[in-house]
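A note on names: the letters A, B, ... follow the listed sequences, proteins ahead of strands, and every chain is numbered from 1. Computed from heavy atoms alone, side chains included, the values below leave out hydrogens, waters and symmetry copies. Note that this is a predicted model, so its numbers are computed, not measured.
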Amino acid sequence: MTTGIPSQSIKQKKGTDYSLSPFSLIQKDPKTSARLGRVQTAHGAFETPVFMPVGTQGTVKTLAPRELEEMGSEVILANAYHLYIRPGIDIINASGGLHRFMAWPKAILTDSGGYQIFSLARLREITDEGARFNSHFDGREIFLTPEEVIRAQEILGSDIAMILDECPPHDASRAQVGEAVRRTIHWAKRAKRVHSVPGTARSLLFGIVQGGKFLDLRKSSLDQTVDIGFDGYALGGVSVGEPKPEMEEVVRKITPLMPSDRPRYLMGVGTPVDLFWAIEAGIDLFDCVNPTRYGRNGTAFTRTGKVTVRNAQYAKDQSQLDQTCPCYTCSNFSRSYLRHLFNCEEMLGHRLVTYHNVYFFISLTREIRNAIAEGRFSELKKEFLSNYNEENR
RNA sequence: GGGGGCGUAGCUCAAUUUGGUUAGAGCAUCAGAUUGUCGAUCUGAGGGUUGCGGGUUCAAGUCCCGUCGCUCCCG
C-alpha cells in the first residue's frame, strides 16, 4: 500500500546519501521538530512517523494479517518475552520464523520483555547479570539475560530488536531510577556486543533510554546509549502510570537531544492527541495497545473523540462510528448494531471496533506524514484538535 | 372441599428461628477507568410501599387476622 506521499517530496535529499543507512530523513517540518523519514528493514521499508499496532503474542488481537495490510499497516510489534514463554522460541524457529509462523510479510519490531518484567512477572531477583523471575504463565523460573533476549529476537527473525531494559515504576525513587539507568546501560553494551557478531544479526537494534521523570538521568542515559551506538533510540519508562504532564515534559525535552539521523521511538504511546505533540517533538515511531484494547472494550476513537459504543445513548443510533471514516466497519455497520454486539458479548463486535480503531491510527499517521511532506503539519494539528474533544483524549 | 409451602430489587436469593441501626448479595442494567496487551480487571451509580389490607407493639420483612396470587399433597 502506498502512503500517498508525493514522490517529489521523497527525493528532497541535500547531497547526503542515506541509501546505506536503515533510516533516511526525508523532510523536516519548518515550524516544529516533526519529520518525515523512512526506515528500511529486511521485510520492506516504511515511512515515519508510523504507528505500530501491538501484536504481543504474534497476533494483533482479533485481526488477520490481510486486514492489517489492507488498512495500510506496514510494521507491527510483537513481544519476545511472551513468545519465549509460549509457544517457545524453538517452536517458532521450527516454523521458519515469526513472519512465516503468523503469516505477516512486513516488518516486525519485537519488544524485549523489559516491560513485562516490570508489569506482570513476579520478580524474584534483578541483578547486573540478568532478571530472574517466575513466568506469569506457568510459574516456572526464568532467567533472562540481555544476550539471550537478543538471540531470541534474532531467531524470531525480528526486523527491529529492542535491548533488554529495566523499566522502573513511575513512582520509583531517584536512586532506584538511577540504578535502572546504570543497569540498562550495562545490559545495552552486552546486547550490542552479541548483536555485532558478524553474520548473526539481520535485525536493526534499538537502545532504550530510561531515567523516569528525572531529566538529568534521562540525559545521562541518552548520552551513554548513544555512545554505545544503535540503529535507533527509544524512550522507555513512559506511559507507566505517571501523570500526563510529566510524560509530556520528558518527551518534549529529551526527544530533541536524540540523534536526528536515527529513528526515535516512543514506547507504549499513545492516544491520538499524544501522537500530535510527540511527533511535533520529533518522535518517529509509536506503539500502543490503545486501539486494540479499547476496541475490545467497546470504545472507538473518532475525529470527535472517544465513542463508547456500549453506552445506552447509541441503542437506536443508525449512524456510523465516525462520520468521516471510510473503513469497513464505518461503511457497513451502525452504532446501534455495534452496541448490540457488545451487549451480547459477540466477538464480531471486538473485531469490528478494533478494525476501525487500528484503521483510525494508521490513517491518522498517514495523514500526518502527508501533512509534513506538504509543510502543513501545524495546520493539520490545529484542525484535528479543534474537532477532537479534549475531555475525551 | 381439606391440608401444607411460598410471595423481599429486572432475575435468583439472604435477612424470619429469638420483632430491634438506613432490608443486603450475586447476576442484569447504567456509567467511569484502561498508554512497550487485557476475550482481563477494577471503580462507581441507579433500582424496594418486603403481594395487598388491617391488627398487636416503643418498634413488624419478621407476630396475628383477613385477602389475592403461585405451588404441592389429599379427596
Side-chain angles (χ1 to χ4, degrees), chain A residues 51-63 75-83 85-86 108-121 136-137 149 153 158 160-170 184 206-210 232-244 246-248 250-251 265-275 277-278 283 285-301 306-315 339 341-354 357-358 361 391-393:
Chain A
F51 180 82
M52 302 181 283
V54 175
T56 299
Q57 311 204 64
T59 164
V60 176
K61 291 182 190 298
T62 80
L63 299 180
V75 53
I76 64 172
L77 177 145
N79 189 285
Y81 165 81
H82 281 272
L83 296 171
I85 298 288
R86 182 172 48 175
I108 300 176
L109 179 148
T110 48
D111 192 13
S112 60
Y115 185 79
Q116 280 62 43
I117 296 171
F118 142 78
S119 70
L120 49 75
H136 70 282
F137 172 52
V149 165
Q153 292 179 91
S158 174
I160 302 175
M162 303 302 299
I163 64 160
L164 185 66
D165 63 332
E166 182 180 345
C167 180
H170 74 89
T184 297
F206 281 20
I208 303 178
V209 174
Q210 289 291 344
Y233 298 92
L235 279 180
V238 293
S239 63
V240 289
E242 74 278 25
K244 198 108 173 176
E246 198 174 293
M247 169 171 83
E248 211 168 313
V250 168
V251 175
Y265 168 25
L266 182 58
M267 305 185 80
V269 174
T271 68
V273 174
D274 290 340
L275 297 183
W277 62 255
I283 293 292
L285 283 81
F286 299 87
D287 80 280
C288 190
V289 301
N290 275 342
T292 44
R293 175 182 294 174
Y294 276 90
R296 286 196 310 288
N297 287 313
T299 299
F301 290 93
K306 285 191 290 190
V307 171
T308 305
V309 299
R310 294 188 324 268
N311 286 3
Q313 60 173 306
Y314 304 123
R339 175 171 194 275
L341 292 179
F342 272 94
N343 268 358
C344 298
E345 296 176 36
E346 283 288 345
M347 58 182 101
L348 182 60
H350 295 204
R351 265 174 61 60
L352 291 176
V353 179
T354 298
N357 281 348
V358 175
F361 274 70
E391 302 298 312
N392 253 349
R393 61 192 297 194

Under 4.0 angstrom, heavy atoms only, what part of the nucleic acid is [X] near: base, sugar-phosphate, or nothing?
{"X": "A:Gly55", "result": "nothing"}
{"X": "A:Ile208", "result": "base"}
{"X": "A:Gln210", "result": "base"}
{"X": "A:Tyr265", "result": "nothing"}
{"X": "A:Asp111", "result": "base"}

[atom1] atom, [N] versus [M]: distance in rounded Å?
{"N": "B:C6", "M": "B:U16", "atom1": "P", "result": "14 Å"}
{"N": "B:A60", "M": "B:U50", "atom1": "P", "result": "12 Å"}
{"N": "B:A23", "M": "B:U62", "atom1": "C1'", "result": "11 Å"}
{"N": "B:G47", "M": "B:A40", "atom1": "P", "result": "28 Å"}
{"N": "B:U17", "M": "B:G75", "atom1": "P", "result": "35 Å"}
{"N": "B:G7", "M": "B:A15", "atom1": "P", "result": "10 Å"}
{"N": "B:C27", "M": "B:A9", "atom1": "C1'", "result": "12 Å"}
{"N": "B:C63", "M": "B:G2", "atom1": "P", "result": "24 Å"}

Grab the [atom1]-[atom2] distance between [X] and [N] for me, whole Å please.
{"X": "A:Lys244", "N": "B:U34", "atom1": "NZ", "atom2": "P", "answer": "9 Å"}
{"X": "A:His82", "N": "B:G36", "atom1": "NE2", "atom2": "C1'", "answer": "10 Å"}
{"X": "A:Tyr294", "N": "B:U34", "atom1": "OH", "atom2": "C1'", "answer": "4 Å"}
{"X": "A:Asn297", "N": "B:A33", "atom1": "CG", "atom2": "P", "answer": "11 Å"}
{"X": "A:Leu164", "N": "B:G36", "atom1": "CG", "atom2": "C1'", "answer": "12 Å"}
{"X": "A:Glu242", "N": "B:U34", "atom1": "CD", "atom2": "P", "answer": "12 Å"}
{"X": "A:Ile283", "N": "B:U35", "atom1": "CD1", "atom2": "P", "answer": "19 Å"}
{"X": "A:Arg293", "N": "B:A33", "atom1": "CZ", "atom2": "C1'", "answer": "11 Å"}

- [ ] Answer yes or no on whether A:Arg86 is positioned over the face of A:Phe137, meaning its NZ or CZ is under 6.0 Å from the six-membered ring centre and within 45° of the axis.
- [x]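 Relative to the ring axis of A:Phe137, which defines the angle, A:Arg86 lies inside both limits.
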
- [ ] Look at the rings of A:Phe301 and A:Tyr294 and say which category their plane angle falls in: under 30° parallel, 30 to 60° tilted, over 60° perpendicular.
- [x]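 The arrangement is perpendicular - the two ring planes meet at more than 60°.
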
TODO: Assess the side chains of A:Thr354 and A:Asn357: does a donor N or O sit below 3.5 Å from an acceptor N or O?
DONE: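 Side-chain D/A pair, A:Thr354 to A:Asn357: absent.
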
Open item on the list: Any donor-acceptor pair under 3.5 Å linking the side-chain atoms of A:Gln153 with those of A:Thr110?
Closed with: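 Yes, side-chain donor-acceptor contact under 3.5 Å.
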
Open item on the list: Checking contacts here: which listed nucleotide (B:U35, B:G36, B:U34) is nearest the side-chain heavy atoms of A:Ser239?
Closed with: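 Of the options given, the side chain of A:Ser239 lies nearest B:U35.
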
TODO: Look at the side chain of A:Thr308 and decide which nucleotide, out of B:G32, B:U34, B:G36, has an atom nearest to it.
DONE: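 For A:Thr308, the side-chain atoms sit closest to B:G32.
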
Please enumerate all protein N or O atoms sitting under 3.5 Å from an N or O of nucleotides 26-31 of chain B, with distances to 0.1 Å.
{"unit_1": "B:C30", "atom_1": "OP1", "unit_2": "A:Arg339", "atom_2": "NH2", "d": "2.1"}
{"unit_1": "B:A31", "atom_1": "OP1", "unit_2": "A:Ala312", "atom_2": "N", "d": "2.7"}
{"unit_1": "B:A31", "atom_1": "OP2", "unit_2": "A:Ala312", "atom_2": "N", "d": "3.3"}

Task: Under the 3.5 Å Watson-Crick or G-U criterion, the dot-bracket string of RNA chain B, with | for inter-strand pairs - done: (((((((..((((......[...)))).(((((.......))))).....(((((..]....)))))))))))).

Open item on the list: Regarding B:U34, can its base be found pairing with the side chain of A:Lys306 as donor and acceptor, where the two atoms are less than 3.5 Å apart?
Closed with: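 Between B:U34 and A:Lys306, which were checked side chain against base, a qualifying N/O pair under 3.5 Å is absent.
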
Open item on the list: Determine whether a donor-acceptor pair (one donor, one acceptor, N or O, separation below 3.5 Å) exists between the side chain of A:Asp165 and the base of B:G36.
Closed with: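 Check passes, donor-acceptor contact within cut-off.
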
Open item on the list: When you measure from the side chain of A:Asn311 to the backbone of A:Gln313, do you find a donor-acceptor pair of N or O atoms at a distance under 3.5 Å?
Closed with: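 Side chain of A:Asn311 to backbone of A:Gln313: no pair is present.
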
Open item on the list: Could you check whether any side-chain N or O of A:Thr184 sits under 3.5 Å from a backbone N or O of A:Asp165, counting only pairs where one atom can act as donor and the other as acceptor?
Closed with: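 No: the side chain of A:Thr184 does not pair with the backbone of A:Asp165.
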
TODO: Hey, which sits more toward the 5' end of RNA chain B by its nearest nucleotide, A:Met267 or A:Met347?
DONE: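 Mapping each residue to its closest nucleotide by heavy atoms, the 5'-most match is A:Met267.
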
